[in-house]
There are 2 protein chains.
Amino acid sequence: MGISERKERDKQEMRGKIIDAAISMFLTEGYEKTSIRNIAEKIEYSPATIYLYYKDKDELLYEVQKQAFEKLELEFEAKVTSSDPMERLEQLCYTYVRFGKNNKEMYDLMFMMKAPMNCVDEDETWNNNTDSFDFLVKCLSDCMEKNLLRFDNVMTAALSVWAMGHGLVSLDVSCRFKAMQMDEVSINAAIEEAIGQYLKLIKA
Amino acid sequence: MGISERKERDKQEMRGKIIDAAISMFLTEGYEKTSIRNIAEKIEYSPATIYLYYKDKDELLYEVQKQAFEKLELEFEAKVTSSDPMERLEQLCYTYVRFGKNNKEMYDLMFMMKAPMNCVDEDETWNNNTDSFDFLVKCLSDCMEKNLLRFDNVMTAALSVWAMGHGLVSLDVSCRFKAMQMDEVSINAAIEEAIGQYLKLIKA
DNA sequence: TTAAATTATAAACACTGTTTAGTAACTTTG
DNA sequence: CAAAGTTACTAAACAGTGTTTATAATTTAA
């Protein structure tokens, strides 16, 4: 049956067209300011067509989030390469924070916006970021196996590292450092210093 | 001139009526789902009237944020009371995290939402939270004066502590812990453990 | 008492996400 | 090949949104 296969391909292609448009618009204009009508206009289809391929705007966002996580994972694979576990943890932290700082709008929809999580049902696991999270956990257990960290529980360690990284990035992304009278440059320096300091603190 | 004074009082009273309605609706329904029309209906005025007292919805949110910070400061004053600076820092951290967990919607608009920061112009300081932030800085310098902390710079210390606290709360508020297969109860325990662990780490 | 200023609103504007009903094109069947 | 069935698409409508404007009502000042 070649026809139904071609139809399936067409369907996937259309889904791709929609997502590509959505990504570029979410990242340049933000999620709220991007309307289904704008996306439809960009791909030269009617707004209603989008609903034939995606349930609603949230599902679109969830899909975009998925691709954003693939990008983060690629970054990890490219930059977290040291054979020394402790050095790898350092690379991981800096890569995470820099990724957030360089892709603020993307970071927002990956880790800050409530909306995409509506696609994750109550008591269900959020699968979009499991790979990145496992990557962190793996890295931490490597360190802890060799007693390189002042943690005695991998999950607590993961929570701590993630919270520190996320705290620094998200306060920056949501402009909360306007509370400290500091310019952009000194804030960037302070963030890098805070993460360096934290890495020293957790070292056994 | 008693008349213009009464008018000023009336104006403030009206502003109060609007904000009170806005607060209760933002906290129960969330910012996005609360419409100017709903607020207007609640106070039995027309939607347009609200614009005679507040520039736009963002300014309303900024005002609500102000009151939320007063609440947080009251919490600090009530619970961060120890004479020992290190103990005070611990009280501060736990109070902050618990405040966030017990007032998720409020925490969201205080520290996570981008919208209210539009009221803070570029390169201007965000005044709504300066008191709380100063409170933290004061607490940290008290600790550091006595060499109780493994930090050598108060600003880095403040950044670090805030980031850790905020990271834990905000990942919870934005439901990102759905990445770890953990129920509500164990997450709460893990958060408290992570903050306890962090306090140990920074102790000199 | 009239003129000016203030206060409130109905209605409109330009949007939003989403659904429905209907059309045009393609696929399958007789 | 033509009729029937299926699919892909869209115009229009629905029910909402934040915000502005023109107008009416009330209050203050002259």
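Letters A, B, ... mirror the listed sequences (proteins, then strands); counts begin at 1.
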Would you kindly give the [atom1]-to-[atom2] distance between [X] and [N], to the nearest whole Å?
X      : N       : atom1 : atom2 : answer
K33(A) : dT16(C) : NZ    : P     : 13 Å
L61(A) : dG17(C) : CG    : P     : 12 Å
I18(A) : dA8(D)  : CD1   : C1'   : 12 Å
L60(A) : dT18(C) : CG    : P     : 10 Å
E41(B) : dG16(D) : CD    : C1'   : 13 Å
Y54(B) : dT20(D) : OH    : P     : 17 Å
I36(A) : dC15(C) : CD1   : C1'   : 14 Å
Y31(A) : dT16(C) : OH    : C1'   : 12 Å

Check: In terms of the angle between their ring planes, are H166(A) and H166(B) parallel, tilted or perpendicular, with boundaries placed at 30° and 60°?
Finding: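 It falls in the parallel class, under 30°.
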Check: Is K57(B) positioned over the aromatic face of Y31(B), cation under 6.0 angstrom from the ring centre and no more than 45 degrees off axis?
Finding: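 Yes, K57(B) sits over the ring of Y31(B).
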Next item on the list: Quick one: label N38(A) by what it contacts on the DNA or RNA (base, sugar-phosphate, nothing), any heavy atom closer than 4.0 Å.
Entry: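 Contact class for N38(A): sugar-phosphate only.
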Notebook entry, point to check: Using a cut-off of 4.0 Å on non-hydrogen atoms, how would the nucleic acid contact of D58(B) be classed: base, sugar-phosphate, or nothing?
Noted result: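 Since no nucleic acid heavy atom lies under 4.0 Å of D58(B), the category is nothing.
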Note to self: Is it the case that the ring center of F69(B) lies less than 6.0 angstrom away from the ring center of F133(B)?
What the structure shows: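 No, the ring centres sit 6.0 Å or more apart.
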Checklist line | Near-ring test Y96(A)/F111(A), centroid separation under 6.0 angstrom | finding: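 For F111(A) and Y96(A), the ring centres are under 6.0 Å apart.
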Show me the donor-acceptor pairs within less than 3.5 Å that the side chains of residues 75-83 of chain B make with the rest of the protein, sequence neighbours left out.
| from | atom 1 | to | atom 2 | distance (Å) |
| --- | --- | --- | --- | --- |
| S82(B) | OG | D84(B) | N | 3.1 |
| S82(B) | OG | E87(B) | OE1 | 2.9 |

Check: Is there side-chain contact between K203(A) and E90(A), with at least one heavy-atom pair below 4.5 Å?
Finding: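 Yes, their side chains come closer than 4.5 Å.
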Listed pairs, N/O of protein and of nucleotides 8-12 of chain C, under 3.5 Å:
| from | atom 1 | to | atom 2 | distance (Å) |
| --- | --- | --- | --- | --- |
| dA8(C) | OP2 | Y53(B) | OH | 2.6 |
| dT9(C) | OP2 | S46(B) | N | 2.9 |
| dT9(C) | OP2 | T49(B) | OG1 | 2.6 |

